[in-house]
Every structure is written in structure tokens, then in C-alpha cells.
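The structure under discussion appears below in the form of C-alpha cells.
For reference, positions follow the sequence shown, starting with 1. The structure presented is a predicted model; accordingly, all values stated were derived computationally and were not measured.
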Amino acid sequence: MVSSMGVDNPPAPGSDEVWAAYLRAKKAAEEEVTGRDLDVTVLRPGRLTDDEPGGRITLARHAARGAVSRADVAHVLLALLDEPATAGLTLELVGGDTPIGEAVRAVTAR
């Protein structure tokens, strides 16, 4: 499931109403899906860009805020689908220094 970084905290006072509604909806969707008897991985990317994919990321249960290309998000989703050990995890994703495959293997080794 694709969600968004920041959904665990309420929107900051003065946030754009549309953005605040988006974050609340993403959090509600996470709760609905993870509350079911499903093998689900929740991916929370940072700020999305239209940059070319770099193929290097930071993927962790908690990552510092940052940006990530939409193309890298797509590549990470494919890698997560091929790694059933990620089921049950909620992972945050931003651009970084680790190749995608290595980053996925690292989060399942813990």
C-alpha cells in the first residue's frame, strides 16, 4: 500500500486544508487495510518528484524527511512485491545512497 510520510502526526496548524485532508485519508486507509487479515506492506514515500530515477534510496521504518522520485517509488514497490518478508512492515522511503535491492534486503534482515 502506498501511503505518505507524516501520517502519524496531525497536520501542522495552518496547513493547507487539502493537504491535511490528504494526510488524514492516507492514515485512515492504512488503518483500514492493516486491520484486515492481509499480507500488506505499507510504503510511506517522502515528497515526490518527477526527477529521473536514481536507483539509490533510504528505506527504513523511520527515515528523515526528504524527497524521492516517483520512478524510484515504482521500482521500490516492485522490489517489495518480490520480497514477502516485508509483509507487516511500514516503511518510509526517500532518496539516498543504498541501491534498491540492497535496501529492501536490509529491512528484512532485522
Side-chain angles (χ1 to χ4, degrees):
M1 172 185 181
V2 179
S3 187
S4 178
M5 285 182 85
V7 299
D8 283 331
N9 301 313
S15 292
D16 176 74
E17 290 180 32
V18 173
W19 177 247
Y22 173 84
L23 289 178
R24 285 191 297 271
K26 285 290 191 178
K27 182 62 176 177
E30 275 189 26
E31 291 171 350
E32 177 65 26
V33 171
T34 58
R36 295 174 181 242
D37 186 24
L38 299 171
D39 290 335
V40 63
T41 304
V42 176
L43 183 63
R44 294 177 172 173
R47 184 178 49 81
L48 299 174
T49 71
D50 292 325
D51 296 340
E52 292 294 318
R56 294 182 173 275
I57 61 164
T58 297
L59 182 67
R61 292 174 193 230
H62 302 285
R65 290 201 175 269
V68 62
S69 74
R70 286 175 170 84
D72 278 334
V73 173
H75 290 291
V76 170
L77 287 169
L78 287 173
L80 293 173
L81 286 171
D82 286 337
E83 183 49 72
T86 64
L89 298 179
T90 297
L91 302 169
E92 295 182 339
L93 169 67
V94 294
D97 298 322
T98 308
I100 291 171
E102 186 179 320
V104 170
R105 285 188 296 279
V107 296
T108 61
R110 296 178 188 158

Locate the shortest heavy-atom distance separating [X] from [Y]; write the atom from each residue and the value.
X: Pro53; Y: Ser69; answer: CA-OG, 3.6 Å
X: Ser15; Y: Ala12; answer: OG-O, 2.6 Å
X: Gly95; Y: Thr58; answer: O-OG1, 3.6 Å
X: Ala79; Y: Val104; answer: CB-CG2, 3.8 Å

Drop me the distance from [X]'s [atom1] to [Y]'s [atom2], to the nearest 0.5 angstrom.
X: Thr98; Y: Leu59; atom1: OG1; atom2: CG; answer: 9.0 Å
X: Glu83; Y: Thr108; atom1: CD; atom2: OG1; answer: 4.5 Å
X: Asp72; Y: Leu77; atom1: CG; atom2: CG; answer: 11.0 Å

Answer with yes or no whether the hydrophobic clustering places [X] together with [Y]; edges join I, L, V, M, F, W, Y residues whose side-chain heavy atoms lie under 4.5 Å apart.
X: Leu48; Y: Val76; result: yes
X: Val40; Y: Leu91; result: no
X: Val73; Y: Val42; result: no
X: Val94; Y: Leu89; result: no

Partner residues of Arg36 under the salt bridge (Lys or Arg N to Asp or Glu O under 4.0 Å) criterion, sequence neighbours left out: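 Salt bridge (Lys or Arg N to Asp or Glu O under 4.0 Å) list for Arg36, sorted by chain: Glu32.
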
Run the side-chain donor-acceptor check on residues 1-10: report pairs under 3.5 Å with partners two or more places apart or on a different chain.
| unit_1 | atom_1 | unit_2 | atom_2 | d |
| --- | --- | --- | --- | --- |
| Ser3 | OG | Glu30 | OE2 | 2.5 |
| Asp8 | OD1 | Lys27 | NZ | 2.7 |
| Asp8 | OD1 | Arg44 | NH2 | 3.2 |
| Asp8 | OD2 | Arg44 | NH1 | 2.7 |

Check: Asp39 side chain, Pro84 main-chain N or O, donor-acceptor pair, under 3.5 Å: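 Answer holds: no.
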
Side-chain (Thr86) to main-chain (Thr41) donor-acceptor, under 3.5 angstrom: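 Side chain of Thr86 to backbone of Thr41: no pair is present.
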
